[in-house]
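The structure appears below as structure tokens.
By convention in this document, chain letters (A, B, ...) are assigned in the order of the sequence lines, proteins followed by strands, and residues within each chain are numbered from 1.
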Amino acid sequence: MQQSQPLKKTINPKPMTEGVKKQLLFRLLLVALLSLLATGLGYAVLSLPSSAPGLSELVAENLETSGVSNPVTAVLLNFRAYDTLLELGVLLLALLGVWSFGAVPERRESFPGPVLDTLSRLLVPLLILVAGYLLWVGAHAPGGAFQAGSVLGAAGVLLLLAGWRPGARFVGLPLRITLVAGLGVFVIVSAVLILVGGRLLEYPPSFAATLILLIEAAATLSIGITLAALFIGGRPEAGPNN
Amino acid sequence: MPALIFDIHWQAIVILLPLAGAIACFLWPQRGVQLGLISALGIVACVAALGWQVLELGAQRYAVGGWGAPLGIDLYADGLSLLMLIVTAVVGLGISVYSSGYFNQDRARHFWPLWMFLWAALNALFLSADIFNLYVSLELMGLAAVALVALTKGADALTGAMRYLLVSLLGSLFFLLGVALLYHSFGSVDIALLAERMEPSPAVWAAMGLMSAGLLLKTALFPLHFWLPPAHASAPAPVSALMSALVVKASFYILLRLWLEIFPLTNAALAQFLGLLGAAAVLWGGLQALRQTRLKLLIAYSTVAQIGYLFLAFPLASIIGWKGALYILLSHAAAKAAMFMAAGNILHFGGHDRIADLDRVVQRLPLSITAFALAGVSIMGLPPSGGFIGKWLLLEAAIRSAQWWWGIILILGGLLSAAWVFKVIGYAFTPAEVPHEARVVPATMEWAALAMALVAILLGLFTSWPLALMDIGLPFAGEGDG
């Protein structure tokens, strides 16, 4: 991203014309309307009952058959796994949208300074390890695919900042396969479950833990790579590169 | 054999299949067209199977993961959702065939995965019985739509797409805030459960306002239509067709579900207000369409007008009124797809879409102009066409409920549409002062446009089947007289 020019320099101070007055009036009207909206919403929120009839009890009751003991993971990957499936689609779609704008301009990064270079060498393996831990621990404690994927994505961003670029061998089909792995595994698991006679995303209780881990592992990889690829800001072209 | 077909979970398959298609098109972009067309045919077949299932067994509720609401997510297919799925399948197939000839290799590699994602989102949306899941599918649909609109390069297209993105996100966020308020109040996001537990409170009113406002913004009801003409006009022709035919209808569908099921608070004043906005949209959209000098902008403004008709059913609040609005929705989807395809052919042929320079295009692209004219018949509401049936039903509902003034809007809107249709056709017959170079239009693109226009006309000849479909599961049972 290029730094935009400071705006103040380009705008000449103009006398207060009719148009400016109108604009000011319009803005005042906007502020008034927005305050009205905020007041109304505030009132609505304050009028809510303090004890909400949530679903946490229902989740706790069914936790045993869900395959994991962390209620958040149980909701995300089992009870409402279908939402998560579509969310993975949203993530991939965001990248597809960015890629449709064109290839990333070939730009040589300057060689990183010694601090960044050493730091990234130290941090990236650690981040990958943390991502793996978060993925595994998600079954019974806070963690899971989205957290692990974000950490993995951070590792990717760090590498990109340090001047690393994916080699030409990885930019084509291998990269695309990693990107769709999360959604792909989810869709395949759904299809197989339907083929063996279950409903959409109805895991047999004895396989639930394995299936959730499988889906989460693929999702972690895809989320991490997608976030890092979004950071590049365009479709990486296969070209002569390191 | 039928038993076997009824045992298959078609509801799940019509969502998974386009997703799988999207993945395949993304992985093998050089085979995108073939993979996309195969997926399209597969989806149409599966929707047909689901339709058969619903016709035989009645409305189907499907608990994803076997949990059931409120813990899990339910899918629900009744006549209304089935109708939307079928429209999406028919128009989607037409647009897929059209697109196979329209895009060059470079743009096709982006178009097909995005379009398959959009199709998956639409199918998921029409089947969902859960307001949070509706939000997710709305996001999926919105992102796919924005990326598709941005496939045209150039500053205008990008500005249009950017504005569309912001509007789309704002609408989704309003919807999400409403979902949060409803969940906190009633402890469920399932539509049926919410309908059972519904009782008026400030939070419910706020949720209703927020969700309706967000969806109206996405549906582009006057005066929230400002983003639609630039976005729909600057997109590639098949994308414009998708946007006008299907995407704006999806948010209308959610609005309809919410109003019919969750918020049956029968607030007459609010319904009248929506009707008034609809009437204003019909007149404003018609007038603006008449003023345009570019064909695609003209068609886009006509979409603004046609969306207005859908909202005339709110103050009428009768089963006939809803059926009329839905009939207009169906025929508009087919007719508008045909119009944008025809406009795309003209644009491809002459390199421009200035109406005054159409230059006897009727002699060189007879099929496309026929498609445009036939679609125009339906948009105007002349018999025999789907548009005529829709307007007739709305008129009947207006007279039955003694609100004849809505009938005047219907007639005025029809006249305005007639004026711009004849204006375009007139220019298509007259030679322009400056002759233009012309490019060959692939036959598939011409026939796809004509096929869509014929669907709009046939909807006016075979009315009993779609109308019977609307009764499955009684989506309008909460409404008054028949």
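Interface check for chain A: of the options Phe117(B), Trp28(B), Phe26(B), the most heavy-atom pairs under 4.5 Å are formed by Phe26(B). By number of non-hydrogen pairs under 4.5 angstrom with chain B, the leading residue of Asp83(A), Val187(A), Ile177(A) is Asp83(A). Top candidate by heavy-atom pairs under 4.5 Å with chain A, chosen from Glu139(B), His9(B), His184(B), is His184(B). Contact count versus chain A (heavy atoms, under 4.5 Å) is highest, among Ala20(B), Ser137(B), Pro29(B), Ala22(B), for Pro29(B). Among Asp130(B), Leu17(B), Leu114(B), Asp106(B), the residue making the largest number of heavy-atom pairs under 4.5 Å with chain A is Asp130(B). Counting heavy-atom pairs closer than 4.5 Å to chain A, the top-ranked of the candidates Ala124(B), Gly65(B), Gly187(B) is Gly65(B). Taking chain B as the reference chain and counting heavy-atom pairs below 4.5 Å, the highest number among Val180(A), Leu55(A), Leu179(A), Leu37(A) is found for Leu55(A). Of the listed residues Ala12(B), Ser201(B), Ala147(B), the one with more heavy-atom pairs under 4.5 angstrom with chain A than any other is Ala12(B).
Looking at Leu50(B) and Gln11(B), their side chains come closer than 4.5 Å, going by heavy atoms from C-beta outward. Using a 4.5 Å heavy-atom threshold, the side chains of Leu125(B) and Ile254(B) count as touching. Under the 4.5 Å side-chain criterion, counting only non-hydrogen atoms from C-beta, Phe186(B) is not in contact with Glu196(B). Tyr183(B) places none of its side-chain heavy atoms less than 4.5 Å from the side chain of Ile131(B). Side-chain atoms of Leu75(B) and Gln60(B), non-hydrogen and from C-beta on, never get closer than 4.5 Å to each other. Counting heavy atoms from C-beta outward, Val157(A) and Leu227(A) have side chains that stay 4.5 Å or more apart. Here the side chains of Pro70(B) and Asp190(B) are not in contact, with every heavy-atom distance at 4.5 Å or above. No side-chain heavy atom of Asp74(B) sits under 4.5 Å from any side-chain heavy atom of Tyr62(B).
Annotation for Phe226(B): atom CZ counts as buried by contact number, over 12 foreign heavy atoms lying within 6.0 Å. Counting heavy atoms of neighbouring residues, nucleotides and ligands inside a 6.0 Å radius, atom CD of Gln30(B) exceeds 12 of them.
In this structure, chain A has no heavy atom under 4.5 Å from any part of Leu148(B). For chain B, the nearby part of Leu41(A) is the side chain; its heavy atoms alone come within less than 4.5 Å. Contacts of Arg107(B) with chain A are absent, with no heavy-atom separation under 4.5 Å from either backbone or side chain. Tyr203(A) does not touch chain B: none of its heavy atoms, backbone or side chain, sits under 4.5 Å away. Contact annotation for Leu151(B): only side-chain heavy atoms (C-beta onward) come within less than 4.5 Å of a heavy atom of chain A. The contact between Val189(B) and chain A is made entirely by side chain atoms (from C-beta outward), counting heavy-atom distances below 4.5 Å. When heavy atoms are compared at a cutoff of 4.5 Å, Ser47(A) approaches chain B solely by way of its side chain, counted from C-beta outward. With a threshold of 4.5 angstrom between heavy atoms, Phe111(B) does not approach chain A through any atom at all. The parts of Ile73(B) that come within reach of chain A are both its backbone and its side chain, each placing non-hydrogen atoms under 4.5 angstrom from that chain. With a 4.5 Å cut-off on non-hydrogen atoms, Ile188(A) does not touch chain B at all. If you measure heavy-atom distances from Ile8(B) to chain A, you find no contacts under 4.5 Å at all.
Side chain of Ser99(B) to backbone of Pro238(B): no donor-acceptor contact under 3.5 angstrom is found. In terms of modelled atom types and a separation under 3.5 Å, the side chain of Tyr82(A) and the main chain of Gly72(B) share no donor-acceptor contact. Panel note: side chain Ser222(A), backbone Gly182(A); a donor-acceptor pair is recorded below 3.5 Å.
Residue-level contacts of residues 158-177 of chain B with chain A, in order of numbering, are Leu158(B), Leu177(B); threshold 4.5 Å between heavy atoms.
Heavy-atom minimum distance, Thr152(B) versus Ala157(B): O-CB, 3.3 Å.
A donor-acceptor contact under 3.5 angstrom links the side chains of Ser128(B) and Asn133(B), judged on distance only.
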